[in-house]
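Take a look at the structure set out below.
Note on naming: letters A, B, ... go to the chains in the order of the sequence lines (proteins, then strands), and numbering restarts at 1 for each one. Keep in mind that what you see is a predicted model, and the values were worked out from it rather than measured.
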Amino acid sequence: MRVDVFEPRLRNMIDPRLPACVRGKTIVDVRRRAKYILIQLEKKNVWVFHLGMSGKLIHVASATPKQKHDHIVATLDNGQQLRYHDPRRFGLSIVVNEAELDELSQLRHLGLDPFNTQFHGEYLYSFTRRSKRRIRDLLLDQQVVAGIGNIYANEILGRVGVRPTARSSRLTRETVIRIASMIQTVLNEAIRWCGTSFSDYRDADDKFGEFQNHLRVYDRDGEACRICPSTIERVALGNRSAFYCPSCQK
DNA sequence: CGGGCGGCCTGGAGGC
DNA sequence: TGCCTCCAGGCCGCCC
């Protein structure tokens, strides 16, 4: 593998030593931790990516013309390329030793992954007891549950009938258990539809996802609820929008 | 300390 | 047609 960096100015500057560090190494595994993609290289190095809001990591033939915002291009020995493309440059790309991975500032405080066998209703319930925050904000907190973004936080709450503005500490145990279970249901469904290509998201083959066609509340303000005769509403919560059905969600 | 908010970027949509 | 404003899937740092 050979790596060329065309634009190092991501959220954090790409280390100028990165191409030399990765050069000649073989990819032995690819895995995920929360929203971070971990590319395991030989010699216990891990190449970490975060896609930010507009990033894509795609696998293409080398002959594919380079696009604007293709900031990192890794040319593999089979002639194909891995490209990191990110118009807004909010992403992250670093190489670390395997041993340092868990100590990375970005990873060390992450909460449980919702597909971890340790993740269940009581785990989430314990966080809701000590927080007066709005439940939408709690679901977005990566230190509580790792991997949920604004689209899924809204969809999860839409499907359990809880308003995004509800205060965490006022939810009942039963409600929180239903939310925890719905986190897994919604994420599984979104994965089955290959993700939500609301704007920039594409899979590794640069293909669109389909889950945006199955959203019940997100980005549907002014449209009809799919369950009842009401109209979906939108409120600004912090600097991020929240969407809900005023009659289905209490 | 928990938690709210502004800022980082570019691009697309919509108003005028 | 262009120019302007607003908004966007996330995260960090600053402030109270």
Residue [X], side-chain atoms from C-beta onward, closest of [options]:
{"X": "A:Arg88", "options": "B:dG4, C:dG10, B:dC9", "answer": "B:dC9"}
{"X": "A:Arg89", "options": "B:dC9, B:dG11, B:dG3", "answer": "B:dC9"}
{"X": "A:Tyr36", "options": "C:dA8, B:dG3, C:dC11", "answer": "C:dC11"}
{"X": "A:Asn150", "options": "B:dG3, C:dG9, B:dG4", "answer": "C:dG9"}

To the nearest Å, give me how far apart [atom1] ([X]) and [atom2] ([N]) are.
{"X": "A:Arg129", "N": "B:dG2", "atom1": "CZ", "atom2": "C1'", "answer": "17 Å"}
{"X": "A:Gln142", "N": "C:dG10", "atom1": "CD", "atom2": "P", "answer": "8 Å"}
{"X": "A:Asp200", "N": "B:dA13", "atom1": "CG", "atom2": "P", "answer": "12 Å"}
{"X": "A:Lys56", "N": "B:dT10", "atom1": "NZ", "atom2": "P", "answer": "18 Å"}
{"X": "A:Asn12", "N": "B:dC9", "atom1": "CG", "atom2": "P", "answer": "11 Å"}
{"X": "A:Tyr84", "N": "B:dC9", "atom1": "OH", "atom2": "C1'", "answer": "12 Å"}
{"X": "A:Arg9", "N": "B:dG7", "atom1": "CZ", "atom2": "P", "answer": "20 Å"}
{"X": "A:Leu237", "N": "B:dC5", "atom1": "CG", "atom2": "P", "answer": "9 Å"}

Give one of base, sugar-phosphate or nothing for [X], where a contact means two heavy atoms less than 4.0 Å apart.
{"X": "A:Arg11", "value": "base"}
{"X": "A:Tyr218", "value": "sugar-phosphate"}
{"X": "A:Arg234", "value": "sugar-phosphate"}
{"X": "A:Asn239", "value": "base"}
{"X": "A:Ser241", "value": "sugar-phosphate"}

Among side-chain atoms of A:Asp70 and A:Gln67, is any donor-acceptor pair under 3.5 angstrom?
no
Please check this pair: side chain of A:Glu42 against backbone of A:Thr26, looking for a donor-acceptor N/O pair closer than 3.5 Å.
yes
Going by ring centres under 5.5 Å and near-parallel planes (under 30°), is A:Phe90 stacked on C:dC11?
no
Between [X] and [N], is there a contact of a side-chain N or O with OP1 or OP2 at under 4.0 Å?
{"X": "A:Lys68", "N": "B:dT10", "value": "no"}
{"X": "A:His69", "N": "B:dT10", "value": "no"}
{"X": "A:Lys35", "N": "C:dG10", "value": "yes"}
{"X": "A:Arg240", "N": "C:dG9", "value": "yes"}

When you check the gap from the basic side-chain N to the acidic O, do A:Arg192 and A:Glu210 get nearer than 4.0 Å?
no
May I ask which nucleotide in the shown strands pairs with B:dC9, Watson-Crick or G-U wobble, both distances under 3.5 Å?
none
Which base sits across from B:dG14 as a Watson-Crick or G-U pair, both distances under 3.5 Å?
C:dC4
On a whole-Å scale, what distance lies between the P atoms belonging to B:dC9 and C:dC14?
15 Å
Row check, A:Tyr218 ring normal vs A:Arg216 NZ/CZ: under 6.0 Å, within 45°
no
Pick the nucleotide of DNA chain B nearest each of A:Pro87 and A:Arg133; which residue has the one closer to the 5' end?
A:Arg133
I need the single residue from A:Asp86, A:Asp203, A:Asp206 that forms a salt bridge (Lys or Arg N to Asp or Glu O under 4.0 Å) with A:Lys56. Which is it?
A:Asp206
For the NE2 atom of A:His120 and the CD atom of A:Glu122, what is their distance to the nearest 0.5 Å?
7.5 Å
Can you check whether A:Phe119 and A:Phe115 have ring centres sitting under 6.0 Å from each other?
no
Could you check whether the side chain of A:Ser199 and the base of C:dG9 have a donor-acceptor pair of N or O atoms closer than 3.5 Å, going by distance alone?
yes
